[in-house]
> 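Have a look at this one.
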Amino acid sequence: MLGEVRRIFEALWTGYGPQGWWPAEHPWEMMVGAVLTQGTAWRNAVRCLENLSAGRLLDHPAQLLDVSVHCLEEMLKPGGFWRVKARRLRALSRFIVDRWEGDLDRMFAVPTALLRRKLLSVDGIGPETADCILLYAARRPVAVADAYTRRILQRCGVTGELGYEATRRLLEAAFPGEVEKLQELHALMVRVGKECCRKRRPRCGACLLESLCEAAAGTGPSPGGVRGPRRNCLRGG
DNA sequence: GGCCAGGTCAAAG
DNA sequence: CTTTGACATGGC
């Protein structure tokens with residue numbers, strides 16, 4: 001199974017190359033973006049980031065606590081969920097200001113497992129957002145097991161229906177300690193997911209998902225692959 | 001118009 | 001423990 005995951009990564013890497021994630025100037029901007037993109041198209045999250053940046057509210061966590069909630073909400077409107085996201089961003093700012101005096105370097109000095117637990121205790125930081133922060137802002141070897149990734153692994157027949165944590169452990173076992181690869185993996189999975197592995201039945205007759213399934217199966221040039229009857233995205237349920 | 005977006009949380013069943 | 005609804009705007 002680990003080999004299948006690695007083959008999928010190699011196929012994606014070969015096909016698409018580096019994605020340059022996460023697009024942010026600094027760790028705090030990355031963290032804010034991670035909250036803003038929840039359930040929202042990235043392009044709309046970017047509008048919010050631009051509003052914040054233009055208002056000089058994106059340089060330091062404490063800045064978000066210095067403006068009125070109303071003002072903050074106005075800037076977040078283009079991204080949707082603006083009421084909850086204003087609350088969540090302030091919760092995250094307050095968390096960093098209260099516990100680490102607003103100093104991200106201090107926060108990132110905390111060991112990975114402990115920091116993950118602390119992040120999850122913040123309102124609005126769930127597993128995926130926490131892992132994105134750990135992977136891209138703190139540069140820890142943590143995997144992001146988002147919905148796209150789980151669907152792709154499932155539809156390529158690599159796994160059955162796996163929950164978030166089980167998928168995360170699988171990915172981390174496939175690339176232990178490899179921060180760069182885990183970063184690219186998540187970015188590439190999102191890219192492919194958007195193209196041909198959507199929620200509703202993917203129309204992937206000619207799409208890349210098919211070759212990913214083959215890559216996972218080890219068909220084609222690479223030797224030693226796992227063979228035999230399998231479900232792929234075209235035949236699978 | 002319908003569906004989806006780089007999710008999370010609280011309330012039910 | 002799993003399922004469901006709320007949160008809201010913008011693009012295709």
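It should be emphasised that the depicted structure is a prediction, and the values quoted were computed from it without experimental measurement. Chain letters run A, B, ... following the sequence lines, proteins first, then strands; residues in each count from 1.
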> Does A/Trp82 reach a base, just sugar-phosphate, or nothing at all? Heavy atoms under 4.0 Å.
sugar-phosphate
> What are the two closest non-hydrogen atoms of A/Asp59 and A/Trp28, and how far apart are they?
C-CD1, 4.1 Å
> Using a strict threshold of under 4.0 Å (side-chain N to carboxylate O), is an ion pair present between A/Arg116 and A/Glu165?
yes
> Just the rounded figure in Å: distance from C1' of C/dA8 to CZ of A/Arg87.
14 Å
> A/Asn44 side chain: which of C/dA8, C/dT9, B/dG6 is closest?
C/dT9
> Is it true that, when you exclude A/Glu10 itself, more than 12 heavy atoms of the residues, nucleotides or ligands shown sit nearer than 6.0 Å to its CD?
yes
> Under the rule for side chain to side chain contact (heavy atoms under 4.5 Å, CB included), what residues qualify as partners of A/Asp146, not counting sequence neighbours?
A/Glu128, A/Val144, A/Tyr148, A/Thr149, A/His186, A/Val190
> Heavy-atom contacts under 4.0 Å between residues 21-41 of chain A and DNA chain C, which residues?
A/Gly39
> When rounded to the nearest Å, what value does the distance between P atoms of B/dT8 and C/dG10 take?
23 Å
> Measure the distance from CD on A/Glu195 to P on C/dG11 and round it to the nearest whole Å.
20 Å
> Any link between A/Val179 and A/Leu185 through a network of hydrophobic side chains (Ile, Leu, Val, Met, Phe, Trp, Tyr) touching at under 4.5 Å?
yes
> Can you tell me which nucleotide in C/dG11, C/dA8, B/dG6 comes closest to the side chain of A/Arg47?
C/dG11
> Pick the C1' atom in B/dA5 and in C/dC7, then give their distance to the nearest Å.
14 Å
> I'd like to check, for A/Trp42, whether its ring lies over the base of B/dA5 with centroids under 5.5 Å apart and a plane angle smaller than 30°.
no
> How far, in whole Å, is B/dG6 from C/dT2 if one measures between their P atoms?
27 Å
> Tell me: CD of A/Glu165 to P of B/dG7, nearest whole Å?
16 Å
> Please determine whether residues A/Ile125 and A/Val142 belong to a single hydrophobic cluster, defined as Ile, Leu, Val, Met, Phe, Trp and Tyr linked transitively by side-chain heavy-atom distances below 4.5 Å.
yes
> Is the shortest side-chain N to carboxylate O distance from A/Glu195 to A/Arg191 below 4.0 Å?
yes
> Check the hydrophobic clustering (I, L, V, M, F, W, Y; side-chain heavy atoms under 4.5 Å; chains of links allowed) and say if A/Met1 and A/Leu12 are grouped together.
yes
> According to a hydrophobic-cluster definition based on side-chain heavy atoms being under 4.5 Å apart (Ile, Leu, Val, Met, Phe, Trp, Tyr only), do A/Leu162 and A/Val158 belong together?
no
> Kindly give the heavy-atom pair with the smallest separation between A/Met75 and A/Leu57, and that separation in Å.
CE-CD1, 3.5 Å
> At under 4.0 Å, does any side-chain N or O of A/Arg43 touch on OP1 or OP2 of C/dG11?
no
> Salt-bridged, A/Glu73 to A/Arg83, with N to O below 4.0 Å?
no
> Restricting to nitrogen or oxygen on both sides, can you table the protein-nucleotides 9-13 of chain B pairs closer than 3.5 Å?
| from | atom 1 | to | atom 2 | distance (Å) |
| --- | --- | --- | --- | --- |
| B/dC9 | OP1 | A/Gly124 | N | 2.9 |

> Could you go through the side-chain contact (heavy atoms from CB on, under 4.5 Å) check for A/Tyr164 and A/Asp131 one step at a time?
CA-CA 11 Å; A/Tyr164 185 94; A/Asp131 290 333; 2.5 Å; yes
> Using a cut-off of strictly less than 4.0 Å, decide whether A/Lys194 has a side-chain nitrogen or oxygen near OP1 or OP2 of B/dG6.
yes
> Hey, what are the protein-to-nucleotides 3-6 of chain C N/O distances that come in under 3.5 Å?
none

> OP1, OP2 of B/dA5 versus side-chain N and O of A/Tyr148: anything below 4.0 Å?
yes
> From CG of A/Leu12 over to P of B/dG6, roughly how many Å is that when rounded to an integer?
16 Å
> How many whole angstroms separate atom CG of A/Asp146 from atom P of B/dT8?
10 Å
> Tell me the closest heavy-atom pair linking A/Leu135 and A/Leu182, and the distance in Å.
CD2-O, 3.6 Å
> Please determine whether side-chain contact (heavy atoms from CB on, under 4.5 Å) holds for the pair A/Val69 and A/Arg87, giving the CA-CA distance in whole Å, both sets of side-chain angles, and the decisive distance to 0.1 Å.
CA-CA 8 Å; A/Val69 174; A/Arg87 182 163 44 75; over 6 Å; no
> Distance check needed: B/dG7 P versus A/Leu89 CG, whole Å only.
15 Å
> Expressed in angstrom and rounded to an integer, what is the separation of A/Tyr164 atom OH from B/dG6 atom P?
16 Å
> ring-ring contact (aromatic ring centres under 6.0 Å, His included) with A/Trp22: which residues, sequence neighbours excluded?
A/Trp42, A/Tyr136
> Would you mind reading off the distance between A/Met189 atom CE and B/dG6 atom C1', rounded to a whole angstrom?
14 Å
> So if I take residues 53-61 of chain A and measure heavy-atom distances to DNA chain B, which residues fall below 4.0 Å?
none
